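Step one of this worksheet: look at the structure below.
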Amino acid sequence: YHDFPRLPDGVKPYKILASCEDRQLYADIAQLLTPDTYHTVAGEFLIQIMHKKATKWQGVQRMLAYFGLTPADAVYFGDDNDDIEPVQNCGMGVAVANAIPAVLSVAKHMAKSNDEDGVAKWLEANFHGRD
């Protein structure tokens with residue numbers, strides 16, 4: 001879709017993704033956002049625009065509440081900007097080795113990279129054989 005920030009009639013998006021190697025696009029998008037939206041940059045060039053209530057942390061909190069659990073009960077694995085809050089706030093916040101520095105700095109635990117099956121190996125090492 002090429003007419004951003006105007007959206008097609010009748011469309012109520014959950015998330016808007018934009019990608020461009022021109023870093024000026026990030027600043028341009030930030031100027032267009034409404035007070036109830038925010039954006040993050042995943043990887044080098046993928047801009048994610050969402051409603052402020054559509055964060056991964058909000059989703060984790062709702063899921064935990066549904067099951068009667070607290071953040072201290074949760075294990076969360078992350079590697080990018082939108083993972084910082086859940087990694088920081090869950091009882092076992094785990095960064096994979098290829099995570100961005102901001103995630104690595106808030107993680108309580110570290111797993112090998114995604115390319116090394118880090119999440120599976122971490123779970124096996126920390127939970128295998130538990131009831």
Side-chain angles (χ1 to χ4, degrees):
Y1 183 76
H2 298 284
D3 290 334
F4 183 81
R6 191 178 97 34
L7 298 176
D9 292 335
V11 171
K12 194 170 187 178
Y14 167 76
K15 180 189 283 190
I16 298 171
L17 303 175
S19 181
C20 181
E21 292 185 17
D22 179 3
R23 301 297 264 183
Q24 183 60 42
L25 178 65
Y26 306 148
D28 293 346
I29 286 176
Q31 298 295 322
L32 297 170
L33 297 180
T34 59
D36 59 344
T37 58
Y38 77 102
H39 75 287
T40 63
V41 179
E44 293 283 324
F45 304 108
L46 183 65
I47 303 164
Q48 303 175 88
I49 304 165
M50 293 164 278
H51 191 278
K52 286 187 176 178
K53 292 183 179 178
T55 68
K56 286 186 178 180
W57 178 232
Q58 291 283 337
V60 168
Q61 289 177 302
R62 289 185 70 156
M63 181 189 66
L64 291 171
Y66 178 84
F67 288 106
L69 300 170
T70 69
D73 300 319
V75 178
Y76 186 95
F77 297 86
D79 66 353
D80 213 336
N81 285 310
D82 54 353
D83 297 312
I84 293 170
E85 279 185 298
V87 166
Q88 187 172 30
N89 293 317
C90 286
M92 290 188 159
V94 186
V96 291
N98 57 302
I100 63 170
V103 175
L104 294 169
S105 72
V106 299
K108 298 169 187 82
H109 305 275
M110 176 77 71
K112 291 185 179 194
S113 77
N114 295 340
D115 294 331
E116 300 173 277
D117 297 324
V119 172
K121 289 178 180 174
W122 192 93
L123 287 169
E124 184 175 44
N126 290 278
F127 292 105
H128 183 69
R130 289 189 183 182
D131 290 333

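Because the structure is a prediction, the values reported are computed rather than measured.
- Note that CD1 of I84 and CG of N89 are 11.0 Å apart. Values are rounded to the nearest 0.5 Å.
- Every residue two or more places apart in sequence or in another chain that forms a side chain to side chain contact (heavy atoms under 4.5 Å, CB included) with D28 is listed here: Q24.
- Interatomic distance, CE of M50 versus CG of L17, reported as 8.0 Å (0.5 Å rounding).
- Across all non-hydrogen atoms, the minimal contact from A111 to G118 is CB-O, 3.6 Å.
- The pair K56-D82 meets the salt-bridge criterion, with a side-chain N (NZ, NE, NH1 or NH2) lying under 4.0 Å from an Asp/Glu carboxylate O.
- Hydrophobic clustering (ILVMFWY, side-chain heavy atoms < 4.5 Å, transitive): I16 and I29 are in one cluster.
- With sequence neighbours left out, the salt bridge (Lys or Arg N to Asp or Glu O under 4.0 Å) criterion links D79 to no other residue.
- Side-chain atoms of V103 and D80, non-hydrogen and from C-beta on, never get closer than 4.5 Å to each other.
- Between W122 and M92, the closest side-chain pair of non-hydrogen atoms falls below 4.5 Å.
- In this structure Y76 satisfies the side-chain hydrogen bond (donor to acceptor under 3.5 Å, both in side chains) test together with D83, sequence neighbours excluded.
- Taking both residues in full, the closest heavy atoms of A102 and S105 are given as O-OG, 2.9 Å, listed atom of the first, atom of the second, then distance.
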May I have the list of side-chain donor-acceptor pairs in residues 64-73 shorter than 3.5 Å, sequence neighbours left out?
| residue | atom | partner | partner atom | Å |
| --- | --- | --- | --- | --- |
| T70 | OG1 | A72 | N | 3.3 |
| T70 | OG1 | D73 | OD2 | 3.2 |
| D73 | OD2 | T70 | N | 2.8 |

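- For N98, the side-chain hydrogen bond (donor to acceptor under 3.5 Å, both in side chains) criterion is met by no residue, not counting sequence neighbours.
- When all heavy atoms of F127 and V75 are compared, the closest pair comes out as CZ-CG2, 3.9 Å.
- The salt bridge (Lys or Arg N to Asp or Glu O under 4.0 Å) pairs that include a residue from residues 115-129 number zero, where partners must be two or more places apart or lie in different chains.
- Distance alone, capped at 3.5 Å, places no donor-acceptor pair between the K53 side chain and the T37 backbone.
- Looking at L104 and M110, their side chains come closer than 4.5 Å, going by heavy atoms from C-beta outward.
- Inter-residue side-chain proximity for V87 and V94 is flagged as unmet; no heavy-atom pair is nearer than 4.5 Å.
- Counting all heavy atoms, side chain and backbone alike, K52 lies closest to Q58 at O-CG, 4.4 Å.
- The CG atom of N126 sits 7.5 Å away from the NE2 atom of H109 when rounded to the nearest 0.5 Å.
- Between C90 and F77, every side-chain heavy-atom pair lies at or beyond the 4.5 Å cut-off.
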